[in-house]
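Worksheet: the structure to be examined is printed underneath.
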Amino acid sequence: MVELARRLIGTTFLVDGVGGVVVETEAYRADEPASHSHRGPRPRNAAMFGPAGRLYVYRSYGLHWCVNIVGGDAPGSAVLLRALAPTTGCEAMAVRRGLADPRRLCSGPGKLAAALGITGERDGAPVDGEGVALIDREADPAVVAGPRIGITKAADLPWRFGLAGSRYLSRPFPRHDTGVPA
DNA sequence: CCGCTGATAATCT
DNA sequence: GATTATCAGCGGA
């Protein structure tokens, strides 16, 4: 699953022609306690135990939608889409989000879902099905990794991935000191 | 640029 | 009854 999370960085994710480049993801697996799939199949997480390449959409904190892509390495694995660099349909995103600042449009899982108009209706939908598209990248981008955000269990696993140097992350990655002063 | 707080409901104990 | 894969708004530095 970790591999898919890495590989999704740099791909383009669109819903009804609106979206952008994936710049931040997190991997989740059934064998690890932070995952919704950890305690087995349930109504909410059914999509996580279904076919690979589908969406798992759930409601977070009772009010935000979050979007995952289901993996195929093992049952119950998925990659949370945490941030996009907006490229297409910025006007529609600005309207849905009620702001125009591209850096704040999709810089978080809930914001991303809101900007692309994703709700629970898309739960279980194929990533290349009706209105949804995932376009692979040309070359391998520089990817950075760090601990996942907003969880209390298994918080030490470095399964959050980001496009190096991107200005559209939900939060910066922990920086190693380069040792080279400016 | 922080850090804190309330909102809000499904899921879990 | 507690917890939660979050966010916007606010006040302070």
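This structure is a prediction, so every number in the text was calculated from the model and none was measured. Per chain, numbering begins at 1; letters A, B, ... match sequence-line order.
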Distance, rounded to the nearest Å, where [X] contributes [atom1] and [N] contributes [atom2]:
X: A/Leu105; N: C/dT6; atom1: CG; atom2: P; result: 19 Å
X: A/Tyr58; N: B/dC12; atom1: OH; atom2: P; result: 13 Å
X: A/Ile118; N: C/dA5; atom1: CD1; atom2: P; result: 19 Å
X: A/Ile151; N: C/dT3; atom1: CD1; atom2: P; result: 17 Å
X: A/Arg59; N: B/dC12; atom1: CZ; atom2: P; result: 16 Å
X: A/Trp65; N: B/dA9; atom1: CH2; atom2: P; result: 12 Å
X: A/Arg171; N: C/dC7; atom1: CZ; atom2: P; result: 11 Å

Students often get this wrong, so: under 4.0 angstrom with heavy atoms, is A/Arg97 touching a base, only sugar-phosphate, or nothing? sugar-phosphate
Looking across every strand, which nucleic acid part, if any, lies under 4.0 Å from A/Ser170 by heavy atom: base, sugar-phosphate, or nothing? nothing
Mind listing the residues from residues 87-96 of chain A sitting with a heavy atom below 4.0 Å of DNA chain B? Number order is fine. none
Can you list, in residue-number order, the parts of residues 19-53 of chain A that come under 4.0 Å of DNA chain B, counting heavy atoms only? A/Arg39, A/Arg42, A/Arg44
Dot-bracket encoding per residue of DNA chain C, Watson-Crick/G-U cut-off under 3.5 Å, | denoting interstrand: ||||.|||||||.
Which protein N or O atoms sit under 3.5 Å from an N or O of nucleotides 3-8 of chain B?
from	atom 1	to	atom 2	distance (Å)
B/dT8	O2	A/Tyr61	O	2.5

[X] side chain to [Y] main-chain N or O, any donor-acceptor pair under 3.5 Å?
X: A/Thr11; Y: A/Leu8; answer: yes
X: A/Arg97; Y: A/Cys106; answer: no
X: A/Glu26; Y: A/Arg82; answer: no
X: A/Thr25; Y: A/Ala5; answer: yes
X: A/Glu24; Y: A/Ser170; answer: yes
X: A/Asn45; Y: A/Gly40; answer: yes

Start with the C-alpha distance between A/Val127 and A/Leu55, add both sets of side-chain angles, then the distance that settles side-chain contact (heavy atoms from CB on, under 4.5 Å), and finish with yes or no. CA-CA 6 Å; A/Val127 289; A/Leu55 302 182; 3.7 Å; yes
In terms of hydrophobic clusters joined by side-chain contacts under 4.5 Å, are A/Met93 and A/Phe13 together? yes
Hey, any chance A/Leu14 and A/Val21 share a hydrophobic cluster, counting ILVMFWY side chains that come within less than 4.5 Å of each other, even indirectly? no
Using a strict cut-off of less than 4.0 Å between a Lys/Arg side-chain nitrogen and an Asp/Glu carboxylate oxygen, indicate whether A/Arg29 and A/Asp31 qualify as a salt bridge. yes
Taking only Lys NZ, Arg NE, NH1 and NH2, and the carboxylate oxygens of Asp or Glu, determine whether A/Asp16 and A/Arg122 approach each other closer than 4.0 Å. yes
Could you walk me through whether A/Tyr168 and A/Leu105 pass side-chain contact (heavy atoms from CB on, under 4.5 Å), step by step? CA-CA 9 Å; A/Tyr168 302 98; A/Leu105 229 38; over 6 Å; no
Before you tell me yes or no, could you show the steps for A/Asn68 and A/Val79 under side-chain contact (heavy atoms from CB on, under 4.5 Å), namely the whole-Å CA-CA distance, both residues' side-chain angles and the distance that decides it to 0.1 Å? CA-CA 5 Å; A/Asn68 295 249; A/Val79 172; 5.9 Å; no
Please tell me if A/Thr152 has a side-chain N or O lying less than 4.0 Å from either OP1 or OP2 of C/dT4. yes
Any residue of residues 76-84 of chain A with a heavy atom less than 4.0 Å from an atom of DNA chain C: A/Leu80, A/Arg82
Would you say A/Arg96 has more than 12 foreign heavy atoms packed within less than 6.0 Å of its CZ? yes
Heavy atoms of other groups near A/Arg104 CZ, more than 12 under 6.0 Å: no
Could you walk me through whether A/Trp65 and A/Ile118 pass the side-chain contact (heavy atoms from CB on, under 4.5 Å) check? CA-CA 7 Å; A/Trp65 294 104; A/Ile118 300 173; 5.5 Å; no
Taking all atoms of both residues into account, what is the closest heavy-atom pair of A/Ala164 and A/Val144, and its distance? CB-CG1, 4.0 Å
Atom pair NE2 (A/His38) and NE2 (A/His36), whose distance is rounded to the nearest 0.5 Å: 12.5 Å
Once you round to the nearest 0.5 Å, how far does CG of A/Leu4 lie from CG of A/Asp73? 8.0 Å
Protein-nucleic acid N or O pairs under 3.5 Å, nucleotides 9-11 of chain C:
none

